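Computed from a predicted structure; not experimentally measured.
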Amino acid sequence: MKDYYKLLVLLCIVALASCKRVNDPIGPEYKIPSSSFELFNNSYFKATILEPNFSIDPSDQETFEAEFSEEVTWKITLKGLKSGAVKTYNGFSKKLDASNNIWTGKHEGLYFFRTGEKVVASLTFLGSDLLYTDTINIKYARNWNIPGKIVTLVTLEKGTYSPEYQFYDGPVDKSNNDYKQTFPFQGSVYSDMQTAKNNQIESVLRDINGDTITTEIAGSIEGDKLYRMAGQDGIYGGEDNSDYFIGGTGLAKGVYAGMSSDPSDVYFNIYVYGTGDLNSKLVVNFGEDDNLNGTFEEGKKAENYAIKEDEFTFGIPVTWIGWKLVSVKYSDLTLSGDGAKAVNGNKKLEPHKVKKVGFVLLSLAKGGKASVRFDFATFTMGKPFNPNE
Amino acid sequence: MNKIILSFAALIIILSKSASAQVLYFNGLGRALVTNDDLQGNVNYNDSKTTRKATGGYSLFDLGVNVQPSEYLRAAATIRARNAFGGFYGDGSVITFRQIKLDGIISKKVKYEIGDIDLQLSPYTLFNSYDGYYDHEAEIFAQRRKIVYYENFNNGNKWRLQGANVSATLVFDKGIEKIGIQAFVTRIARANYFNNIIPDRLQYGGRVDVLQSKNFQAGLNYIALTDLAGTSPSPAVVLNNQVMTGDFKFNFDVSNVTFSIYGEGGGSNYKYTAADSSRSKQDYFYDAGVSASYKPAKLKVYASYRNVGADFNSPGAQTRRVFDYGTNALFPTYTLDGTSTTRTNSLLDRYSDDGKVRNTTIMDTLVQYNPMYNNITPYGLATPNRQGVTVGASVGDDEKIWKADVVMNLLSELRPEINNGSRNYMGLKGGFKVNLHKIWNFEKAIVLTGGANYEHTTRTLAPNKIDLSSTTIDAGAVIEVLKTLDVLVGYKILQAYGNEFYSKRDVFNVVVTNPVSVFNYKYTQSVIATGLRLRHSKNAFTTVQYHALNVTDAQNLTLDKKPTHYIINQVFINYTLVF
């Protein structure tokens with residue numbers, strides 16, 4: 001019996017030891033520059049386009065060029081001086097050209113490069129203090145609309161709610177900026193959350209107390225401006241309704257061309273900034289034009305706000321601190337309606353019929369103060385938004 | 001919070017009322033801890049914003065409530081009340097459940113646990129490895145490390161997980177003495193609806209071990225890490241990793257010497273599908289050794305050889321318990337010539353910081369580590385891409401007069417990271433503990449400890465040569481000056497010199513880009529510590545300590561070409577009661 005055990009174990013060891021493995025390197029090649037390393041052509045490190053335009057189709061393709069005296073591991077770091085946006089390229093080669101670095105305005109991390117922004121390109125080498133730089137100016141930032149893949153909410157129209165309703169739970173004091181609602185409810189067209197109307201879009205962040213936040217992370221994600229909603233539940237307007245609702249705004253209609261009809265293929269993406277106050281909830285509603293008359297028909301006050309077509313929704317407590325990309329698959333949305341208003345469409349998830357996107361700020365506690373900032377909302381087809389792709 | 005307090009109070013009342021019909025008992029821990037810190041050196045120069053002083057601390061009380069309605073069932077919960085130093089009710093006070101567990105025996109044969117459970121299999125399947133060599137650490141450091149371990153549920157080499165575990169032992173009359181069977185399932189990650197990346201992730205597995213006799217035993221281990229597709233909005237992110245191993249041990253006695261032949265071998269099967277791409281890989285390992293133990297002298301010598309494939313993937317055994325680049329709780333940044341700089345995790349942080357530098361979650365990728373602390377086996381015995389010999393010896397008994405051990409590792413990479421050669425690793429570590437009072441027949445205890453860990457990493461082919469050496473030395477003493485009063489002293493020093501490259505890995509655990517880090521160490525740090533410990537009872541003590549960390553980093557020079565240099569002076573006061 002014991003011999004069988006020994007034999008079995010020995011066989012296992014021999015079997016494992018005799019297995020062949022590949023012996024290739026596990027990673028890509030790298031090499032530090034030697035002491036005689038130099039950049040040819042008087043240390044030439046230059047961009048091919050001084051003022052690239054990334055908004056056109058096809059986009060300008062920025063390339064940085066240099067030639068080295070030997071193969072080395074290099075790194076190009078592009079940094080926007082205003083946005084803080086960053087893009088990097090790594091490589092192992094003897095020269096820089098379009099074969100190893102082509103930039104079309106994309107970025108890594110949270111922040112987007114901006115129109116008119118200066119960008120410093122830094123060339124460094126593995127294990128070396130050598131540094132070469134060049135500066136370019138972005139003529140126009142990247143246009144993120146990609147037919148069939150990404151639909152950005154580029155056109156914002158006035159909210160579908162009346163101003164009175166919108167301010168029902170609104171600011172404590174209209175003359176005080178502390179809790180003013182800063183999203184647009186008037187005007188006609190807003191472009192990409194950037195063009196302020198009636199000074200209702202803030203270009204800087206404020207914390208829950210209304211104080212200006214000046215740290216870099218508090219800046220907008222994309223462009224110069226972002227949306228801020230802030231307020232206190234149920235103490236403005238002479239009525240103490242304490243219904244959690246603070247305010248909301250509706251965005252656009254008829255701008256979502258190119259949307260897939262498959263709800264499992266469509267994602268809604270939005271960058272949301274939280275202050276960690278644990279009391280704020282952002283709700284996003286999607287109104288569908290079920291009867292295909294070109295508009296999403298909401299209910300009227302006389303009809304108890306019964307929605308005549310479908311409205312789907314999701315809500316997210318904004319409990320984190322800083323920016324975060326939130327992506328939700330359209331098929332995971334639920335029918336809107338809180339009992340006070342009915343939803344009377346065909347109750348099918350049909351993203352290609354979306355005509356309105358609405359943003360609502362709720363307080364998680366009755367009578368509580370809440371705030372949220374958001375920026376760069378998109379629909380993407382097939383997968384969540386990824387700025388690196 | 002009020003609901004928690006009310007619920008818990010109601011639970012206590014109900015349990016107390018019914019205590020006559022069942023066994024109800026309490027256990028737990030109370031701790032008060034205060035630190036006062038002072039940062040000095042050539043950092044934060046002319047910086048009025050970054051702090052140079054810090055005071056912190058807390059008092060906490062962990063109350064474990066154990067209810068045993070019968071000898072076959074027990075329910076246990078530990079509630080924690082924690083009050084930040086200087087806080088008061090409603091501002092700084094937190095009440096949470098620290099752990100909840102149900103356990104019992106079914107039909108007098110099958111043990112089960114549900115809830116917060118501690119699990120461990122073999123070193124290549126599920127094993128929470130130590131992040132360094134602490135076998136003979138000075139008591140003044142070890143005492144603080146125990147707090148870190150307690151806070152992070154580092155119970156030996158077990159992982160604290162949430163799930164269910166069942167085990168049973170079958171006893172036989174002849175042929176085989178007994179067979180042990182264990183199976184578990186845990187959830188190690190909860191789906192995060194809004195980040196689209198992480199679905200529910202389960203880890204399950206088990207072990208069957210056969211004890212044929214005292215001369216032979218063998219086991220079969222299996223563990224899997226699986227994502228539940230559909231629990232994440234992003235449909236195509238699925239990890240499925242399986243590891244199966246077998247282990248054995250032969251023992252035979254010749255006079256007073258016990259010889260053993262032991263080993264473990266197995267393989268992993270990894271498949272990960274992300275949004276646009278997928279990756280699968282398989283690899284294997286084997287580890288076999290011999291040992292001889294001479295019982296009268298408690299002397300043991302051993303030697304083993306292991307070969308762990310570069311693609312061997314075993315998250316349960318390769319996950320680190322320390323984030324070398326986590327954010328320190330104490331002075332996380334300082335300014336150097338006007339630039340805010342992250343303060344590198346130091347020796348002081350490693351034995352005193354129980355926060356973001358510690359990891360309690362099984363991770364599916366190999367987390368970056370700092371080579372100066374552990375470059376040979378940063379992911380434990382199961383560190384992939386290693387082959388070579390380990391020899392060692394231990395002698396003595398630390399409960400008697402003395403104990404010492406020494407271990408040498410001579411390892412190398414199985415596959416080179418790049419084309420110009422593999423790394424070679426030489427490691428030598430050892431230490432001792434001497435109970436001097438037993439040698440000198442003193443009534444009061446005098447205990448000396450010492451340990452050292454030397455690592456040398458080389459890669460000889462140009463141009464990317466590597467030559468890194470790091471040495472850690474630890475020495476300490478406990479001197480009982482009065483019947484209940486001890487003087488504690490300790491000293492640690494770490495020196496790292498030379499260069500090393502660190503390559504980045506992607507979500508598939510594959511080295512994909514050029515090195516993200518190049519280290520050129522000229523680094524020395526030391527900690528000197530002294531203190532008093534008043535022992536109120538076997539399970540309660542108060543200690544007052546002073547720790548001075550001194551760091552000199554000649555790799556990062558100031559504008560006037562001087563090494564970065566800082567000192568942290570810390571006063572530490574702690575009261576601990578275990579009941």
Side-chain angles (χ1 to χ4, degrees), chain A residues 1-2 5-6 8-10 12-17 19 21-35 37 70-75 88 90-92 125-128 264-265 267-270 272 314 316-317 320 324-332 382-386 389, chain B residues 175-176 193-197 210 212-213 215-218 232-236 246-248 250 261 263 265-267 275-276 283-286 288 305 307 309-311 384-385 413-420 422 462-465 499 501 503-505 510-516 518-520:
Chain A
M1 189 73 171
K2 287 180 183 176
Y5 288 129
K6 292 175 184 173
L8 181 63
V9 169
L10 285 173
C12 289
I13 293 173
V14 170
L16 284 171
C19 289
R21 291 192 181 102
V22 293
N23 200 31
D24 300 336
I26 63 173
E29 199 69 15
Y30 59 75
K31 180 179 168 296
I32 59 177
S34 68
S35 57
F37 172 81
E70 62 191 47
E71 280 190 312
V72 288
T73 296
W74 50 263
K75 181 179 184 180
T88 59
N90 292 282
F92 174 69
F125 303 93
L126 178 68
S128 168
S264 64
D265 190 44
Y267 293 81
F268 176 75
N269 316 274
I270 185 169
V272 182
F314 79 90
I316 177 171
W320 58 88
K324 186 174 181 179
L325 175 60
V326 173
S327 298
V328 178
K329 190 157 65 173
Y330 201 85
S331 58
D332 290 329
K383 55 190 175 184
F385 178 69
N386 183 346
E389 293 178 349
Chain B
I176 295 173
Y193 186 84
F194 291 105
N195 73 6
N196 292 302
I197 302 299
V210 179
Q212 189 267 333
S213 68
N215 297 117
F216 177 71
Q217 63 186 82
S232 164
S234 183
D247 58 74
F248 69 94
F250 290 108
I261 302 172
D276 284 341
D283 212 328
Y284 63 89
F285 77 96
Y286 56 91
Y305 176 83
N307 182 308
D311 288 330
N385 203 20
E413 288 179 322
L414 267 170
R415 288 170 60 187
E417 188 176 86
I418 53 176
N419 271 327
N420 66 339
S422 297
N464 299 310
K465 289 182 179 180
N499 74 311
F501 299 86
S503 295
K504 187 178 179 182
R505 290 176 181 264
V510 173
V511 177
V512 286
T513 65
N514 294 301
V516 291
V518 178
F519 300 97
N520 286 298

Against chain A, work out which of B/N307, B/D311, B/N385 has the most heavy-atom pairs shorter than 4.5 Å and name it. B/N307
CG-CG distance between B/N464 and A/L126, expressed to the nearest 0.5 angstrom: 7.0 Å
When heavy-atom pairs shorter than 4.5 Å are enumerated against chain A, which of B/I261, B/N520, B/D283 gives the highest number? B/D283
When you measure from the side chain of B/E417 to the backbone N and O of A/P25, does any donor-acceptor pair fall under 3.5 Å? no
Gap between atom CG of B/N419 and atom OH of A/Y30 - 0.5 Å precision: 11.0 Å
In terms of heavy-atom proximity below 4.5 Å to chain B, should A/N386 be classed as side chain, backbone, both, or neither? neither
Do B/P416 and A/I26 come within less than 4.5 Å of each other through their side chains, counting heavy atoms only? no
